[in-house]
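Data block below; observations after.
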Amino acid sequence: MEQRHLGRTGLRVSRIGLGTLTWGRDTDEHDAADQLKAFWEAGGTLIDTADVYGGGEAEYLLGRLVERLVPRRDLVIATKAGGVPDPDRRVDGSRGHLLAALDASLDRLGTDYVDLWQVHAFDPGTPLEETLQALDIAVTSGRARYVGVSDFCGWQLAKAATWQLAAGGARARLASTQMEYSLLQRGVEREVLPAALDLGVGLLPSSPLGRGVLTGKYRHGTPSDSRGASDRLAPFVEPYLDDSATRIVDAVITAADGLAATPVQVALAWVRDRPGVAAPVVGARNARQLAAALSVETLSLPDEIRRALDDVSAPVHRYPDQDWSTL
């Protein structure tokens with residue numbers, strides 16, 4: 001699998017990442033092991049997890065599998081901290097919480113360091129410079145090799161990345177930002193992606209298959225074994241089952257038919273090759289689903305198909321996202 005630099009750093013990652021959101025909860029150890037081995041054998045390196053996935057079980061499971069199945073040196077392990085199971089707060093970006101969470105992650109993962117450590121979300125209750133100081137400490141102490149953020153809007157990302165660049169080598173520059181991005185969700189193109197491109201931050205798209213909708217499996221109803229049929233996850237899928245999404249899914253399927261490819265391949269190839277994207281992060285229930293996603297490696301979309309998909313999924317960008325003089 002092709003490797004790409006993550007932002008304006010020396011860290012190289014596979015251009016498809018493996019997500020572990022369901023590990024330890026819906027994905028058991030057997031299926032997780034099959035996924036990890038298949039991913040590694042395909043040349044994949046980037047494994048994305050977080051301290052809150054499965055209440056910590058995803059990290060614990062990944063730690064049990066690494067070395068037993070795949071050499072630690074062959075992987076780029078990325079985890080996140082800052083999410084908390086508190087309905088009144090949900091995010092804790094304080095230096096104390098973040099560093100304690102990192103130590104707990106390292107213990108569950110069974111490793112001395114993570115390759116990429118990201119703040120899971122912006123915390124309006126903590127000064128941003130305090131949150132970013134935790135990233136600096138993580139790098140200088142050797143507990144994290146590179147750092148980034150997740151779910152920061154445009155101004156938040158720009159402020160954080162600029163702060164980290166302002167003092168040169170005294171601070172750890174942001175390597176990444178992780179955000180939802182797909183043909184069904186192009187909101188990052190308004191401000192997040194321009195900020196990332198300008199400041200040398202690599203984008204790691206989550207939900208690159210539109211929460212599963214871009215596979216086409218919801219075209220004629222909701223499969224009983226799908227997320228959309230789950231009481232817990234149905235609200236996650238439902239926003240992407242409207243008429244606009246249907247038109248985009250139909251266009252993806254038409255493109256797939258014309259290329260003798262699958263909707264999964266077309267949707268992934270589109271987001272993988274967008275400017276500023278380092279590696280879409282794909283979550284799968286089993287190795288068979290993962291193999292279907294990894295098969296995108298051989299596909300590059302022809303320009304005319306890419307433009308057609310751009311057009312059918314184009315978000316409305318008006319003032320102040322466009323130059324006022326063109327309105």
- Message: Can you list everything that forms a side-chain hydrogen bond (donor to acceptor under 3.5 Å, both in side chains) with T9? Sequence neighbours excluded, please.
- Response: none
- Correct closest heavy-atom pair for D51 and A101 would be OD2-CB, 3.7 Å
- CD1-CG distance between I248 and D243, expressed to the nearest 0.5 angstrom: 11.5 Å
- Message: Evaluate V114 against L106 for side chain to side chain contact (heavy atoms under 4.5 Å, CB included), listing each step before the verdict.
- Response: CA-CA 7 Å; V114 290; L106 294 176; 3.9 Å; yes
- Message: Does the structure place the NZ or CZ of R143 under 6.0 Å from the centre of the six-membered ring of W117, at an angle of no more than 45° from the ring's axis?
- Response: no
- Query: Salt bridge check: are R288 and D34 linked by an N-O gap of less than 4.0 Å?
  - Reply: no
- Task: Please tell me if the side chains of P208 and V282 come closer than 4.5 Å, counting only heavy atoms from C-beta onward.
- Result: yes
- Message: Do S94 and T126 pair up side chain to side chain, a donor and an acceptor below 3.5 Å, judged on atom types alone?
- Response: no
- Query: Just by distance, do the side chain of R306 and the backbone of A269 share a donor-acceptor pair under 3.5 Å?
  - Reply: no
- Return yes if some donor-acceptor pair links the side-chain N/O of S14 with the main-chain N/O of T45 below 3.5 Å, else return no. yes
- Query: Does any non-hydrogen side-chain atom of L193 lie less than 4.5 Å from one of Y181?
  - Reply: yes
- Would L309 and V266 satisfy side chain to side chain contact (heavy atoms under 4.5 Å, CB included), going step by step from the backbone distance to the final call? CA-CA 10 Å; L309 293 173; V266 170; 3.7 Å; yes
- Under the side chain to side chain contact (heavy atoms under 4.5 Å, CB included) rule, what do V119 and F152 come out as? Steps first, then yes or no, please. CA-CA 9 Å; V119 178; F152 276 40; 4.3 Å; yes
- Are there more than 12 heavy atoms of other residues, nucleotides or ligands under 6.0 Å from atom OH of Y60? no
- Query: Backbone N or O of D310 within a donor-acceptor pair of the R186 side chain at under 3.5 Å?
  - Reply: yes
- Query: Just by modelled atom types, is the A287 backbone N or O under 3.5 Å from a matching donor or acceptor in the Q35 side chain?
  - Reply: no
- Donor-acceptor under 3.5 Å (T162 side chain, K159 main chain): no
Please set out all donor-acceptor pairs under 3.5 angstrom arising from side-chain atoms of residues 71-84, sequence neighbours excluded.
unit_1, atom_1, unit_2, atom_2, d
R72, NE, T111, OG1, 3.3
R72, NH1, L75, O, 3.2
R72, NH1, D115, OD2, 3.0
R72, NH2, Y113, O, 3.0
R72, NH2, D115, OD2, 3.0
D74, OD2, W40, NE1, 3.0
T79, OG1, E59, OE2, 2.6
K80, NZ, D48, OD1, 2.9
K80, NZ, D48, OD2, 3.1
K80, NZ, T49, O, 3.0
K80, NZ, Y53, OH, 3.4

- Within a radius of less than 6.0 Å around CZ of R219, do more than 12 heavy atoms belonging to other residues, nucleotides or ligands occur? yes
- Item | R171 (side chain) donor-acceptor with W163 (main chain) under 3.5 angstrom | yes
- Message: If I compare all heavy atoms of T22 with all of A284, which pair ends up nearest, and what's the gap?
- Response: OG1-O, 4.2 Å
- Check: R272 side chain, V296 main-chain N or O, donor-acceptor pair, under 3.5 Å: yes
- Item | Any residue meeting side-chain hydrogen bond (donor to acceptor under 3.5 Å, both in side chains) with Q164, in chain and number order, not counting sequence neighbours | D136
- Message: On a heavy-atom basis, which atom in V188 and which in P194 lie closest, and how many Å separate them?
- Response: O-CD, 3.9 Å
- Message: Donor-acceptor pair, distance only, cut-off 3.5 Å: does the side chain of E130 make one with the backbone of P127?
- Response: no
- Query: Is there a donor-acceptor pair under 3.5 Å between the side chain of S182 and the backbone N or O of L209?
  - Reply: no
- Pairwise distance CZ(R285) to CG(L290) - rounded to 0.5 angstrom: 12.5 Å
- Approximate separation, where rounding is to 0.5 Å, of D250 CG and T246 OG1: 6.5 Å
- Message: So which atom in D151 and which in Q156 form the shortest heavy-atom distance, rounded to 0.1 Å?
- Response: O-OE1, 4.3 Å
- Task: Please report the shortest heavy-atom distance between Q185 and G187, naming the atom on each side.
- Result: OE1-N, 3.0 Å
- Message: What's the separation between atom CG in L102 and atom CG in L98, rounded to the nearest 0.5 Å?
- Response: 9.0 Å
- Message: Looking at D311, I'd like to know if its CG atom is crowded, meaning that more than 12 non-hydrogen atoms belonging to other residues, nucleotides or ligands lie closer than 6.0 Å.
- Response: yes
- Donor-acceptor contact present, side-chain S150 to main-chain Q118, <3.5 Å: no
- Message: Which heavy atom of V271 sits nearest to which heavy atom of P280, and what is that distance?
- Response: CG1-CG, 3.8 Å
